[in-house]
Amino acid sequence: MDKVLLAALKSYFRAERITYDARELELQLFSHPHAPSLYAVTETLHFLNIDNVAARIAQDQLDQLPEHFLAFIEESPDRQYFAHVEQSG
């Protein structure tokens with residue numbers, strides 16, 4: 001999941017034109033005691049001074065989210081990952 005998480009974050013940063021230090025991102029994210037987890041992601045973003053909110057939402061609330069966001073997707077207990085989501089329309 002580490003490579004997928006890092007790719008999702010970098011994709012999100014590019015889409016939102018967020019500048020960041022790639023080395024610092026990896027250091028903070030993967031040295032976090034709870035990595036890779038949502039908690040590690042939110043703590044890392046906070047450390048990098050990037051506004052963020054973690055929330056559980058229902059399917060019918062997706063249209064209330066911004067055009068770009070990061071999602072933690074749990075297809076099954078063995079298949080969990082982070083993804084950069086770009087909403088269309």
Side-chain angles (χ1 to χ4, degrees):
M1 181 184 340
D2 294 350
K3 289 182 182 180
V4 173
L5 170 55
L6 193 56
L9 282 166
K10 288 180 176 182
S11 175
Y12 172 75
F13 292 164
R14 275 191 306 276
E16 291 292 313
R17 295 188 172 110
I18 296 172
T19 56
Y20 65 99
D21 180 321
R23 189 176 271 167
E24 189 67 31
L25 171 65
E26 290 187 45
L27 174 68
Q28 293 300 319
L29 186 60
F30 298 125
S31 66
H32 193 281
H34 299 285
S37 69
L38 181 58
Y39 182 56
V41 171
T42 60
E43 291 263 305
T44 298
L45 294 176
H46 179 74
F47 178 86
L48 297 172
N49 293 315
I50 298 171
D51 290 335
N52 67 93
V53 173
R56 179 172 290 209
I57 62 163
Q59 186 81 19
D60 63 345
Q61 295 173 307
L62 286 173
D63 62 341
Q64 297 174 33
L65 295 178
E67 181 181 2
H68 294 273
F69 61 92
L70 290 171
F72 178 73
I73 300 169
E74 185 174 24
E75 292 179 353
S76 70
D78 295 337
R79 177 97 168 110
Q80 303 172 346
Y81 58 94
F82 288 90
H84 165 215
V85 179
E86 180 178 0
Q87 298 201 76
S88 59

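Predicted model only: the values in this text are computed from it and were never measured.
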Check whether any side-chain heavy atom of L45 lies under 4.5 Å from a side-chain heavy atom of L9, and answer yes or no. yes
Residues at least two apart in sequence or cross-chain that pass side chain to side chain contact (heavy atoms under 4.5 Å, CB included) with Q61, listed by chain then number, are I57, A58, Q64
Taking every heavy atom of H84 against every heavy atom of S11, the minimum-distance pair comes out as ND1-OG, 2.7 Å
Same cluster (ILVMFWY, side-chain, under 4.5 Å), L27 and L48 | no
Rounding to 0.5 Å, atoms CG (L25) and OH (Y20) come to a distance of 6.5 Å
Quick one, L6 and K3 - any side-chain contact, counting heavy atoms below 4.5 Å?
no
Between F82 and F13, is there a shared hydrophobic cluster once you connect ILVMFWY residues whose side-chain heavy atoms come closer than 4.5 Å? yes
Margin query: Given 3.5 Å as the limit, does a donor-acceptor pair link the side chain of T44 with the main chain of A40, or not?
Written below: yes
- prompt: Are the side chains of E74 and R79 in touch, meaning some heavy atoms are under 4.5 Å apart?
  reply: no
Between the CG atom in L5 and the NZ atom in K10, the distance rounded to the nearest 0.5 Å is 11.0 Å
To the nearest 0.5 Å, atom CZ of R17 lies from atom NE2 of H68 at 9.0 Å
Task: Within 6.0 Å of CG in D63, more than 12 heavy atoms from elsewhere - done: yes
Point to revise | Joint cluster assignment, L70 & V85, ILVMFWY side-chain distance < 4.5 Å | key: no
Residues at least two apart in sequence or cross-chain that pass side chain to side chain contact (heavy atoms under 4.5 Å, CB included) with A54, listed by chain then number, are L38, T42
Looking only at heavy atoms, the pair that brings I50 and I18 closest together is CD1-CG2, 3.8 Å
According to a hydrophobic-cluster definition based on side-chain heavy atoms being under 4.5 Å apart (Ile, Leu, Val, Met, Phe, Trp, Tyr only), do F47 and V41 belong together?
yes
Mind checking whether Y39 and Y81 sit in one hydrophobic cluster, side chains of I, L, V, M, F, W, Y counted as touching below 4.5 Å?
no
When rounded to the nearest 0.5 Å, the distance separating OG of S37 from CD of Q80 is 11.0 Å
Taking every heavy atom of L62 against every heavy atom of Q87, the minimum-distance pair comes out as O-NE2, 3.0 Å
